[in-house]
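One structure below.
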Amino acid sequence: MRKALVLCVLLASFSVFAQTDKRISTLDFVQVQNDNYSETVYYYQNNWNVLREWAIEENYIHSYEFVRTKYSEEQPYHFILITTYANKAQFDKREENFEILIKRKGGSRLKNDIQPKDFRKLLNGHREAKHGFDVE
């Protein structure tokens, strides 16, 4: 009886890990402009972050992450913004879903009169990063 239980648990565990990972992420690399670090952080905390919290509540995304990096010539960005979608269906509806949330929010919150184009620059991002070791 005990061996059968252990075997069932092992098989169940294996099947979870054997499943194909359907998640898709977008990654945006952000460079702070004109030493406006605090404006950039404020902007993402009060806009990007809020929208993603709502997106999780609405089941529009799987997860998100705001990553700080050390700026260098080899890595000329300060932040990496990661938004992960549970599957292709969520990913394909991302623009439509975020439009709904942006309308609900009613505009961007800024720390002062400095506009986003003056405090941040979006470098080349990756739009459809897939998770797992699956080979297509």
Side-chain angles (χ1 to χ4, degrees):
M1 175 68 175
R2 190 168 204 208
K3 287 181 184 180
L5 179 61
V6 170
L7 182 60
C8 286
V9 169
L10 286 173
L11 288 174
S13 301
F14 178 73
S15 68
V16 168
F17 292 113
Q19 292 176 359
T20 302
D21 193 337
K22 301 287 186 191
R23 292 176 299 156
I24 300 171
S25 290
T26 60
L27 293 88
D28 293 307
F29 300 87
V30 178
Q31 183 182 77
V32 173
Q33 299 292 294
N34 306 314
D35 294 321
N36 290 308
Y37 194 88
S38 67
E39 286 81 0
T40 306
V41 171
Y42 183 92
Y43 177 81
Y44 284 108
Q45 187 173 20
N46 291 282
N47 297 287
W48 185 88
N49 191 69
V50 170
L51 292 174
R52 272 131 191 93
E53 286 176 1
W54 292 350
I56 285 178
E57 291 171 9
E58 297 294 332
N59 198 35
Y60 293 163
I61 67 171
H62 176 270
S63 61
Y64 66 97
E65 199 165 351
F66 181 86
V67 180
R68 294 182 315 276
T69 64
K70 185 172 174 93
Y71 181 90
S72 69
E73 283 188 35
E74 296 81 33
Q75 295 178 185
Y77 46 87
H78 298 88
F79 308 112
I80 304 170
L81 312 175
I82 305 168
T83 304
T84 301
Y85 303 87
N87 52 45
K88 183 84 165 118
Q90 269 189 355
F91 178 79
D92 287 344
K93 288 191 73 174
R94 69 191 182 284
E95 298 294 333
E96 177 184 335
N97 289 337
F98 275 108
E99 280 184 38
I100 293 167
L101 299 177
I102 290 166
K103 285 180 184 173
R104 181 195 316 173
K105 189 169 182 308
S108 296
R109 290 185 61 198
L110 301 174
K111 184 174 182 178
N112 48 40
D113 291 333
I114 301 173
Q115 296 300 305
K117 66 179 178 59
D118 297 321
F119 62 72
R120 54 118 183 180
K121 179 179 180 182
L122 292 174
L123 304 178
N124 55 340
H126 193 77
R127 287 288 138 225
E128 197 169 344
K130 296 184 179 181
H131 294 247
F133 293 103
D134 295 335
V135 177
E136 294 184 356

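Position 1 is the first residue of the sequence, and the numbers go up from there. Excluded from the calculations below are hydrogen atoms, water molecules and symmetry mates; all remaining heavy atoms, backbone and side chain alike, are included.
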Check: What distance separates S108 OG from Q115 CD, expressed to the nearest 0.5 Å?
Finding: 9.0 Å
Item checked: Side-chain heavy-atom pair E128, K88 within 4.5 angstrom cut-off -> yes
Margin query: For the NZ atom on K105, are there more than 12 heavy atoms of other groups (residues, nucleotides or ligands in this structure) within a distance under 6.0 Å?
Written below: yes
Note to self: Working to the nearest 0.5 angstrom, can you tell me the gap between E95 CD and I102 CD1?
What the structure shows: 8.0 Å
Next item on the list: Determine the minimum heavy-atom distance between T40 and N36, stating which atoms define it.
Entry: OG1-O, 2.8 Å
If you look only at distance, which donor and acceptor atoms sit under 3.5 Å apart when one is on a side chain in residues 56-68 and the other is two or more places apart or in another chain?
unit_1	atom_1	unit_2	atom_2	d
E58	OE2	R104	NH2	3.2
Y64	OH	N49	OD1	3.3

Check: Would you say Y42 and L122 are hydrophobically clustered, going by side-chain heavy atoms of ILVMFWY under 4.5 Å?
Finding: no
Notebook entry, point to check: What is the minimum heavy-atom distance between G107 and N47, and which atoms define it?
Noted result: O-OD1, 4.1 Å
Item checked: Within one Ile-Leu-Val-Met-Phe-Trp-Tyr cluster: I82 and Y77, side-chain cutoff 4.5 Å -> yes
Item checked: CG (N112) with more than 12 external heavy atoms under 6.0 Å -> yes
Note to self: Could you check whether N46 and K111, counting side-chain N and O atoms only, form a donor-acceptor pair closer than 3.5 Å?
What the structure shows: no
Notebook entry, point to check: How many angstroms lie between CG in N97 and CZ in R94, if you round to the nearest 0.5 Å?
Noted result: 10.5 Å
Note to self: Grouping I, L, V, M, F, W and Y whenever their side-chain heavy atoms are under 4.5 Å apart, do Y44 and L123 come out in a common cluster?
What the structure shows: no
With a 3.5 Å cut-off and sequence neighbours excluded, list the donor-acceptor pairs that the side chains of residues 22-35 form with protein atoms.
unit_1	atom_1	unit_2	atom_2	d
R23	NE	D21	OD1	3.0
R23	NE	D21	OD2	3.4
R23	NH2	D21	OD2	2.7
R23	NH2	H131	ND1	3.4
S25	OG	T84	OG1	2.6
S25	OG	H131	NE2	2.7
D28	OD1	R127	NH2	2.4
Q31	OE1	Q33	NE2	2.8
Q31	NE2	P76	O	2.8
N34	ND2	D118	O	3.0

Item checked: Cluster link Y43 to Y71, ILVMFWY, side chain under 4.5 Å -> no
Item checked: ring pair (Phe, Tyr, Trp, His ring centres under 6.0 Å) partner of F79, the single match among F119, Y37, W48 -> Y37
